[in-house]
Amino acid sequence: MPALPEFFEVVRRQRACRTFRPDGVADDLVAENRQPWEFVVVRDAGVRARIGELTRQAWRGGGRAYAESRLSPQLLADVDRGAEGEVSAAPVLVVVCVDARRTHETTIPASIFPAVQNLLLAANAVGLGAALTTLPTAFALELGELLSLPEHVRPLAVVPIGYPAHALGPPRREPVSDHAHRDRYGSRW
């Protein structure tokens, strides 16, 4: 394995990847620690295709309409390509779930989404592309059945992972000062 980049280098270059080369991804690059979360690492092409169908169904059933007024045309086009099939074409889909027995309902986001962020950063650090989507979780029951999840394990996100099909370039970020407030909301940073 190549030397890992510095943390802030990884943070600065991390961005969503929705198109992937078909190259396989080694198991040791995919998953590590699991606490109240459970990672279901999906490599099976048929299962990935079914997750892709659920993603498309959620996108076409309201996700796209919701995103149209909130995303720039360029980002909307990228998300549209991902939702319409590029995401499920990734060689690995990690379905991130919560084991509801191991955490309090109100702490689920605080337990799960930092793990997802770490997964995104770790993928980037080893040269993989990744993105976070919650679209297929609109069909949590179907997704749970597909993955044989027990009732107490619920899917919360899907992270496609693979080698980027093209150079991603730097992420598009607004200045922190546009979203940070000093002492009170509305007081400029």
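Nothing here was measured: the structure is a model prediction, and the numbers come from that model. We count residues from 1, following the sequence as given.
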Rounded to the nearest 0.5 Å, what's the gap from [atom1] on [X] to [atom2] on [Y]? Could you check?
{"X": "Ile51", "Y": "Leu147", "atom1": "CD1", "atom2": "CG", "result": "5.0 Å"}
{"X": "Thr55", "Y": "Arg48", "atom1": "OG1", "atom2": "CZ", "result": "12.5 Å"}
{"X": "Arg50", "Y": "Phe139", "atom1": "CZ", "atom2": "CZ", "result": "8.5 Å"}
{"X": "Arg70", "Y": "Leu76", "atom1": "CZ", "atom2": "CG", "result": "12.0 Å"}
{"X": "Asp80", "Y": "Glu86", "atom1": "CG", "atom2": "CD", "result": "10.5 Å"}
{"X": "Arg188", "Y": "Arg182", "atom1": "CZ", "atom2": "CZ", "result": "11.0 Å"}

pair [X]-[Y]: side-chain heavy atoms closer than 4.5 Å:
{"X": "Val96", "Y": "Val159", "result": "yes"}
{"X": "Val158", "Y": "Pro136", "result": "yes"}
{"X": "Trp37", "Y": "Cys97", "result": "no"}
{"X": "Asp78", "Y": "Gln74", "result": "no"}
{"X": "Ile161", "Y": "Leu119", "result": "yes"}

Looking only at heavy atoms, which two atoms of [X] and [Y] are closest? And how far apart?
{"X": "Ser88", "Y": "Arg56", "answer": "OG-NH1, 4.3 Å"}
{"X": "Tyr163", "Y": "Gly127", "answer": "CD2-O, 3.8 Å"}
{"X": "Ala130", "Y": "Ala123", "answer": "CB-CB, 4.0 Å"}
{"X": "Val92", "Y": "Arg43", "answer": "CG2-NH1, 3.7 Å"}
{"X": "Phe20", "Y": "Ala90", "answer": "CD1-CB, 3.4 Å"}
{"X": "Gly162", "Y": "Val25", "answer": "CA-CG2, 4.0 Å"}

[X] side-chain N/O to [Y] backbone N/O, donor-acceptor pair under 3.5 Å:
{"X": "Arg154", "Y": "Ala100", "value": "no"}
{"X": "Thr134", "Y": "Thr137", "value": "no"}
{"X": "Ser187", "Y": "Arg184", "value": "no"}
{"X": "Arg18", "Y": "Ala131", "value": "no"}
{"X": "Arg13", "Y": "Asn124", "value": "yes"}
{"X": "His152", "Y": "Asp99", "value": "no"}
{"X": "Thr107", "Y": "Thr103", "value": "no"}

Please tell me whether [X] and [Y] are part of a single hydrophobic cluster in this structure, the criterion being side-chain heavy atoms less than 4.5 Å apart.
{"X": "Leu75", "Y": "Val87", "result": "no"}
{"X": "Leu149", "Y": "Leu143", "result": "yes"}
{"X": "Phe113", "Y": "Phe39", "result": "yes"}
{"X": "Leu120", "Y": "Val98", "result": "yes"}
{"X": "Val42", "Y": "Val94", "result": "no"}

Establish, yes or no, whether the cationic atom of Arg64 lies under 6.0 Å from the six-membered ring centre of Tyr66 and within 45° of the ring axis.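 Geometry flag: not set, cation outside 6.0 Å or 45°.
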Does any donor atom in the side chain of Asp178 or Trp189 lie under 3.5 Å from an acceptor atom in the other side chain?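 Trp189 and Asp178 do not have a side-chain donor-acceptor pair below 3.5 Å.
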Would you mind telling me which of Val95, Leu141, Val47 makes a side chain to side chain contact (heavy atoms under 4.5 Å, CB included) with Leu146?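 Among the candidates, only Val47 passes.
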Hey, is Arg60 close enough to Glu84 for a salt bridge, meaning N to O under 4.0 Å?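 Salt bridge between Arg60 and Glu84, a charged N being under 4.0 Å from a carboxylate O: yes.
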